[in-house]
Amino acid sequence: MERRLPSTLKLLLSTLLCCLPSSINASGSLFYFEASQGAFHFSLEMTGREDVGYIQISSSDFRGYMPHRKYYVEFNRAQKRAYVRPRKRDGLPWFEVDVVGNKGMLLYEGRRAEGTANWTPEAWDN
């Protein structure tokens with residue numbers, strides 16, 4: 001007599017296999033931008049697997065990292081073009097980052113600063 005797995009068990013096993021992490025798609029830094037002007041410093045890092053997943057912002061006039069916000073992002077690695085800004089004004093510092101190639105412009109709370117970009121993905125050790 002042939003034994004078969006119940007369909008619910010098959011579904012559970014296939015779901016688990018699909019959810020296992022893939023070693024091909026390592027998480028890490030996808031893009032890094034930094035700008036400074038005098039004593040002011042700003043950095044933006046995009047992290048994820050293949051697509052932008054998490055954006056981390058820090059600046060010298062904001063203690064630590066800014067709280068997580070939703071961002072409007074245009075990101076094209078092939079053309080080395082990126083544009084990032086918060087989706088809405090929420091009382092936290094407002095900024096816009098516009099990058100073409102390895103150089104970019106930051107508009108942060110009314111001040112402008114030129115910056116540099118690093119497009120080389122860097123995988124993290126898990």
Exercise for the section: For the pair Tyr54 and Tyr71, evaluate side chain to side chain contact (heavy atoms under 4.5 Å, CB included) and give the outcome as yes or no after the intermediate values. Expected result: CA-CA 10 Å; Tyr54 183 76; Tyr71 296 95; over 6 Å; no
Exercise for the section: In sequence, state the C-alpha distance, the side-chain angles, and the governing distance for Phe33 and Ser43, and then conclude on side chain to side chain contact (heavy atoms under 4.5 Å, CB included). Expected result: CA-CA 6 Å; Phe33 174 82; Ser43 68; over 6 Å; no
Handout entry: Worked check of side chain to side chain contact (heavy atoms under 4.5 Å, CB included) between Glu96 and Asp98
Key = CA-CA 7 Å; Glu96 292 180 55; Asp98 194 4; over 6 Å; no
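With sequence neighbours excluded, the residues forming a side-chain contact (heavy atoms from CB on, under 4.5 Å) with Leu92 are Phe62, Pro67, Arg69, Asp90, listed by chain and number. In this view, Tyr108 and Phe40, Phe42 satisfy the ring-ring contact (aromatic ring centres under 6.0 Å, His included) rule, not counting sequence neighbours. Arg85 meets the salt bridge (charged side-chain N to carboxylate O under 4.0 Å, His left out) test with no other residue; sequence neighbours excluded. Residues meeting the side-chain contact (heavy atoms from CB on, under 4.5 Å) test with Ala82, sequence neighbours left out: Phe31, Phe75, Val99, Trp119.
When every heavy atom of Ile55 is checked against every heavy atom of Val73, the shortest pair comes out as CD1-CG2, 3.5 Å. Nearest heavy-atom pair, Ala35 versus Leu106, reported as atom, atom and distance to 0.1 Å: CB-CD2, 4.0 Å.
Atom OG of Ser59 and atom CD of Glu34 lie 13.5 Å apart (nearest 0.5 Å). Note: Leu44 CG to Phe95 CZ = 5.5 Å, rounded to the nearest 0.5 Å. To the nearest 0.5 Å, atoms CD (Gln79) and CD (Glu74) are separated by 11.0 Å.
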Check: residues 111-118 side-chain donor-acceptor pairs under 3.5 Å, at least two apart:
residue, atom, partner, partner atom, Å
Asn118, OD1, Thr120, N, 2.9
Asn118, OD1, Thr120, OG1, 3.4

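Using modelled atom types, no side-chain atom of Glu109 and backbone atom of Pro93 make a donor-acceptor pair closer than 3.5 Å. Between the side chain of Ser36 and the backbone N or O of His41 there is no donor-acceptor pair closer than 3.5 Å.
When side chains are defined from C-beta on, Trp94 does not count as touching Leu107, because their heavy atoms never get closer than 4.5 Å. Contact of the Thr47 side chain with the Glu45 side chain is registered, since non-hydrogen atoms from C-beta on lie closer than 4.5 Å.
Tyr72 forms part of a hydrophobic cluster together with Tyr83, judged by ILVMFWY side-chain heavy-atom separations under 4.5 Å.
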